Protein chains: 2
Amino acid sequence: MIRILLADDEHLIRGAMAALLSLEDDLQVVAQAATGAEALATARVVHPDVAVIDLQMPDLDGVSVARALSSELPSCSTMIVTSHGRPGHLKRALAAGVRGFLPKTVSSDVLATVVRTVHSGGRYVDPALAAEAISAGDSPLTPREADVLELALEGAPIDEIARRASLSPGTVRNYLSSAVGKTGASNRHEAARTARARGWI
Amino acid sequence: MIRILLADDEHLIRGAMAALLSLEDDLQVVAQAATGAEALATARVVHPDVAVIDLQMPDLDGVSVARALSSELPSCSTMIVTSHGRPGHLKRALAAGVRGFLPKTVSSDVLATVVRTVHSGGRYVDPALAAEAISAGDSPLTPREADVLELALEGAPIDEIARRASLSPGTVRNYLSSAVGKTGASNRHEAARTARARGWI
DNA sequence: TGGCGAGCATGACATCTGTCATGGGTTTCT
DNA sequence: AGAAACCCATGACAGATGTCATGCTCGCCA
C-alpha cells in the first residue's frame, strides 16, 4: 500500500483527486494539505511514501516544498502536478529533487501509474512538457538580468525598479536593454513576458 | 436524477470531479468535454439538466459557452467553476445567464449542493467572489479605452496597437493616457495589468 | 433643438526608455 | 598571469511615451 500526501489549494480538486486515487487498491491518501507550509508540517508527521503537490499554492511554491521534503524526508518521493506548465519550472523542480512532473491535463490512470513509478524509484516527466523545456533552452539571462526583469514584470517604471534592486537607474536600463536583446522583444515589458513564458524568470 | 455535463480542459480535474459527483445518489455525469466547442456540441445532443463548465478553456471561454447554452437550451442550467476568479468574469457570467459561479477552492459538498440549487431554479454565487466583484466596482473605462488597453496587455508598442485597432497612434495615446489616469497607474503596462486584475478588460 | 459624452484626430511639450560607448572592479577558468 | 564573463556605474542621444489643449463628428437625451 502506497501512502500518499496530497497538497493543492483548491479543495475541490484536492478532494476529487483524493477520491480518484483512493479508487486504486494499492494507493491510499493518508493526508491532505491546502498550503505549502501545511504540506510540509503534515509530511513531517505522517511520513508519506509519495507526495503529490500542486505547483502553485498561496504561500510556498511547490518546488520549495519539494526541496524541503527531499532533504528532510529522503524516503518520500515527491511529484508535482500543475495547470500551467512553464518550461523553467520543470528544470527547477528536477533540480529540487522532484521525481515526477505532470500537467493536470493527464488522465487519472496516468496519475496513478506515475505515483507507482516514482514510489518504486523511477522518474516520470510529461513528454510534452519535456519537449517544451528542451526547446525553450537554457536561460541566456545573467542572474542580475533575471532579477531586474522580474521586477519589471509588474510594469513598474525604471526608477522604482532601481530602488527595489538598489541599483542606479542607468544600470537597470543596461540590464533591461540586454535582456530585451536576448529575448528578441521590443521593450522591457514584452521581454519580461516572454522570459516568464519560457520559465527564465 | 440530475443529468450533468462536465467541461474542463484538465482531464485529471474533470475525471476527478466526475468521480466525485457520481458519488451522490441523485447526480449523474452524462457527458464530459475538454473544450468549449466540444461542450456545446455535446450539450446539443445529450440535453443535460445542468452544465458545469470551467471558466478557462483552450478555445471558447466558459462564459461564451454559457451564453450559447442559455439561448439554445433554456432547460439547461449553467454554472461555472474557476481557479482564478476575477471580479469582471462574474459580472459577464451573470449577464450570460449563468446560474452558479464557484471558485475551485470550495469543497465537493458545496459543488453538489450548488448543482442541486441551480437545477431547481436557484442561483448561487460564491460570497467571497461576490464581495470582490462589488468592491472592484463597475469599469470606468469607455469601450474603446478597454479595447486599446487590452491590446496593450502584451506589451506591444503604441504603433502596433494603433495598427491593430485601426486608430492613429495619437488617439491610442489619448485613450491609454485616460486609462492610466482612471486606473491610478503610472504607465499603460501597469494600467493594463490592474484593469485585468479588476476584470475590467 | 441644444447640450453632453463618446469616438477620433492633430500638434506640442516634457519626460521616460532603449541603445551605445566607456570604464573600473570582481570572480572564474585556462 | 591573462582572458573572459559578470557586476556596477555614468553620460549622451534618439526615439517612444505620457500629458495637455484643441477641434471635429455623431448619437442620445432632456
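Predicted model only: the values in this text are computed from it and were never measured. Throughout, protein chains are lettered first and strands after them, A, B, ... in sequence-line order, and every chain is numbered starting at 1.
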Engineer: Nearest heavy-atom pair of A:L149 and A:A179: which atoms, and what distance?
Structural biologist: CD2-CB, 4.0 Å
Engineer: On DNA chain D, does the nearest nucleotide to A:R144 precede the nearest nucleotide to B:A156 from the 5' side, or the other way round? Give the residue.
Structural biologist: A:R144
Engineer: Rounded to whole Å, how long is the line connecting atom CG of A:L141 with atom P of D:dA5?
Structural biologist: 16 Å
Engineer: Reading DNA chain C from 5' onward, which residue's closest nucleotide shows up sooner: B:P169 or B:T142?
Structural biologist: B:T142
Engineer: Would you check if there is a donor-acceptor pair between the side chains of B:R3 and B:Q28 at a distance under 3.5 Å?
Structural biologist: no
Engineer: How many Å lie between CG on B:N187 and P on C:dG18, as a whole number?
Structural biologist: 10 Å
Engineer: Could you state the atom-to-atom distance from CD1 of A:I161 to C1' of C:dT17 in whole Å?
Structural biologist: 11 Å
Engineer: Have a look at B:N174 and say if it touches a base, only the backbone sugar-phosphate, or nothing, with a 4.0 Å heavy-atom cut-off.
Structural biologist: base
Engineer: Name the nucleic acid region contacted by A:L167, choosing base, sugar-phosphate or nothing; use a 4.0 angstrom heavy-atom cut-off, strictly under.
Structural biologist: sugar-phosphate
Engineer: How many whole angstroms separate atom NZ of B:K182 from atom C1' of C:dG5?
Structural biologist: 11 Å
Engineer: Under 4.0 Å: is that the gap between some side-chain N or O of B:T171 and OP1 or OP2 of C:dC8?
Structural biologist: no
Engineer: Which nucleotide, C:dA9, C:dA6, D:dA9, lies nearest any side-chain atom of B:S168?
Structural biologist: C:dA9
Engineer: Could you state the CZ-C1' distance from B:R173 to C:dA14, rounded to the nearest angstrom?
Structural biologist: 12 Å
Engineer: Indicate yes or no: does B:R14 engage B:E10 in a salt bridge with an N to O separation below 4.0 Å.
Structural biologist: no
Engineer: Rounded to the nearest 0.5 Å, what's the gap from CD1 on A:I161 to CD on A:E154? Could you check?
Structural biologist: 9.0 Å
Engineer: Write down the distance between CG (A:L151) and C1' (C:dT17), rounded to a whole number of angstrom.
Structural biologist: 17 Å
Engineer: If the threshold is 4.0 Å, N to carboxylate O, is there a salt bridge linking A:K104 and B:D9?
Structural biologist: no
Engineer: Rounded to whole angstroms, how far apart are CD on B:E190 and P on D:dG18?
Structural biologist: 11 Å
Engineer: Could you give the CD1-to-C1' distance, from A:I158 to C:dT19, as a whole number of Å?
Structural biologist: 12 Å
